[in-house]
Amino acid sequence: MKNIVIVLILFLTQSISAQGLEIKREVRQLIQPRSMYLNGGLNASVGGTSRTYIKVDLPPNTVAWYYSFSTSKQQSESKNLNLASQLSSLLQTSKGSIPNRLSNIYVPKGSCAIDVYVCDSKNINLFQRKVDNNGGSFYSISEGNVKNTLQGVIRVDDVTNGSWYLGIKNPNRWTGANITIEVAAIIESRPDIVGAVLTALLTNKREPAPPKSEAQRKAESYGTLGWGYYEKNNIDKAMEYCNKSLSVYELGWVKANKGLILLISGESDKAIETYIHAIELVKNQWKANAVFSEMIRDLKKVKKKRPDILETAEIIQMIRSQRKN
C-alpha cells in the first residue's frame with residue numbers, strides 16, 4: 001500500500017483480470033497433407049529427383065510448429081495424418097500447452113526411410129545442389145532434423161518466426177519413396193493490455209474520484225513517506241510518519257499501515273484494534289475493494305516472512321469478510 005497511485009493500479013489490474021484477458025493458444029494448419037514421390041539416388045541421376053523441399057511461412061506469435069510424415073513404396077499412395085486436428089485435441093486436454101512427448105499423436109506406419117532437414121533459404125539451395133555429396137555441407141536446425149526415418153511427428157521451437165524450409169531427401173540408392181507430410185503451428189493470441197487498461201479507465205470513469213481536501217493530500221504525503229521507511233525496514237520512522245498522517249486526516253490505508261507495523265513489532269492486540277478501525281475507514285472510501293486487496297497482500301508478505309505471528313491469518317480473514325463481491 002505505497003500510495004494512492006498503487007491502489008488505483010491494483011484496481012485496474014483486477015478489472016482487467018475480471019475481463020478474462022489471458023494468453024490463448026490455437027492450432028493453425030500451415031501445409032495441408034501433401035504427397036510427393038522421390039526417386040532413389042541412382043535412379044534420380046537418369047530422371048526424377050531424390051530431393052525436394054517445402055517452404056513453411058510461420059505466422060506471427062508462433063510458439064512452436066510441427067510436421068508429421070509417413071512414407072510408402074507405392075508412388076500414388078496418400079496417408080491420413082490429421083496432424084492439426086490431433087494437436088487441437090491435445091491443446092484442449094492439456095489446458096493450453098502441448099507436452100514435449102508426442103506419443104499421443106498417431107502417425108500411420110511408413111515403409112521407406114527418408115531424411116528431413118530444417119533449413120533457411122541460403123542452406124536449402126545448398127541442400128538442393130547436393131553439396132554434401134561433393135565434400136561440402138549445409139546448415140540445418142538439428143532440433144527439427146530426422147534421418148533414416150519411416151514416419152514421425154517433429155516439434156520445432158528453436159525457430160518460431162520468418163520462413164523456413166523442410167528439405168526432404170530419399171537416402172536410398174535404388175528404392176523410390178512416396179511421402180505424405182503435413183505442417184501445423186501453435187499460435188499465441190496475446191491480450192491487448194493497453195486497450196484493456198483504456199477500457200478499464202473508461203469503464204471506471206462512471207465513478208470519478210471524489211475531490212480531496214488539503215488535509216487529505218497532506219496526510220497522503222506523510223503516509224507515503226511512512227511506507228517508504230517501512231520498506232527500508234526503518235520501523236520507528238515509519239510509525240512516526242503514520243502518526244503524523246493520521247493526526248492530519250484519518251486515511252484507511254495509512255491506519256492499516258500502522259496496524260501492520262504494530263503487528264510485526266509484537267503488539268498483536270493493538271494491531272487488531274487498529275485494523276478494525278482501518279476497515280471501517282476503508283469501507284467508506286473510494287475503491288474500497290482495491291484497498292482491501294492491497295492490505296491483504298501486505299499481510300501475506302508478513303505471514304510468509306514471519307509465520308510465528310499467528311494473528312496475521314485472523315486479520316486477513318477479517319478483511320476478506322468486508323470485501324464486496
Side-chain angles (χ1 to χ4, degrees), residues 1-23 191-210 212 216-217 219-233 235 238-239 241-242 245-246 249-264 268 270-307 309-325:
M1 211 167 346
K2 300 178 179 63
N3 51 45
I4 193 65
V5 175
I6 297 298
V7 173
L8 288 172
I9 291 173
L10 173 66
F11 177 78
L12 287 177
T13 302
Q14 288 180 329
S15 298
I16 291 169
S17 177
Q19 295 175 35
L21 286 181
E22 57 185 20
I23 294 176
D192 180 7
I193 299 298
V194 174
V197 170
L198 290 174
T199 300
L201 285 169
L202 290 173
T203 301
N204 297 320
K205 197 173 181 181
R206 299 171 187 168
E207 190 183 348
K212 297 177 184 177
Q216 282 177 288
R217 288 193 291 270
E220 284 181 356
S221 297
Y222 281 139
T224 301
L225 286 170
W227 184 259
Y229 281 116
Y230 174 85
E231 289 196 315
K232 294 176 183 178
N233 207 31
I235 302 303
M239 181 62 84
Y241 277 97
C242 278
S245 174
L246 293 169
Y249 189 95
E250 285 198 322
L251 294 168
W253 63 271
V254 177
K255 197 77 169 180
N257 286 352
K258 181 175 179 177
L260 193 68
I261 295 168
L262 290 169
L263 187 66
I264 64 174
S268 300
K270 287 184 180 180
I272 292 172
E273 289 299 319
T274 304
Y275 266 107
I276 290 172
H277 191 187
I279 289 170
E280 292 304 312
L281 290 170
V282 171
K283 281 166 64 175
N284 297 316
Q285 75 174 67
W286 189 61
K287 304 303 182 190
N289 274 1
V291 181
F292 281 144
S293 295
E294 191 71 11
M295 290 165 63
I296 291 171
R297 182 175 285 112
D298 295 335
L299 285 162
K300 283 183 175 180
K301 290 179 182 178
V302 170
K303 186 178 180 182
K304 185 176 180 180
K305 291 181 180 178
R306 295 283 306 278
I309 305 178
L310 303 181
E311 291 80 5
T312 306
E314 178 184 343
I315 297 171
I316 290 174
Q317 187 58 39
M318 186 169 60
I319 296 170
R320 281 178 174 162
S321 68
Q322 298 299 319
R323 286 197 303 189
K324 296 178 182 178
N325 295 327

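Heavy atoms only: backbone and side chains are in, while hydrogens, waters and symmetry mates are out. Sequence positions, counted from 1, serve as the residue numbers for this chain.
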Does a side-chain heavy-atom distance below 4.5 Å link [X] with [Y]?
| X | Y | value |
| --- | --- | --- |
| Thr312 | Arg306 | no |
| Phe292 | Lys283 | yes |
| His277 | Leu281 | yes |

For a quick test of reading the model, state the closest non-hydrogen atom pair linking [X] to [Y] and the distance between them.
| X | Y | result |
| --- | --- | --- |
| Ala278 | Ala256 | CB-N, 3.6 Å |
| Cys242 | Ile261 | SG-CD1, 4.0 Å |
| Gly223 | Val254 | CA-CG2, 4.0 Å |

From CA spacing to verdict: side chain to side chain contact (heavy atoms under 4.5 Å, CB included), Ile319, Val282 | CA-CA 10 Å; Ile319 296 170; Val282 171; over 6 Å; no
To the nearest 0.5 Å, what is the distance between [atom1] ([X]) and [atom2] ([Y])?
| X | Y | atom1 | atom2 | value |
| --- | --- | --- | --- | --- |
| Tyr275 | Asn257 | OH | CG | 7.5 Å |
| Leu246 | Lys258 | CG | NZ | 6.0 Å |
| Lys300 | Ile296 | NZ | CD1 | 7.0 Å |
| Gln216 | Ser245 | CD | OG | 10.5 Å |
| Thr274 | Ile315 | OG1 | CD1 | 9.0 Å |
| Met239 | Leu260 | CE | CG | 9.5 Å |

Kindly indicate, with the supporting measurements, whether the criterion side chain to side chain contact (heavy atoms under 4.5 Å, CB included) is fulfilled by Tyr230 and Asp298.
-> CA-CA 11 Å; Tyr230 174 85; Asp298 295 335; over 6 Å; no
Side chain to side chain contact (heavy atoms under 4.5 Å, CB included) between Arg217 and Tyr249, intermediate numbers included = CA-CA 9 Å; Arg217 288 193 291 270; Tyr249 189 95; over 6 Å; no
Residues Arg297 and Glu294 bridged, charged N to O under 4.0 Å |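 Salt bridge flag = yes for Glu294 with Arg297.
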Give me the ring orientation class for Tyr222 and Tyr241: parallel if the planes are under 30° apart, tilted from 30 to 60°, perpendicular past 60°.
->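 Geometry flag for Tyr241 against Tyr222: tilted rings.
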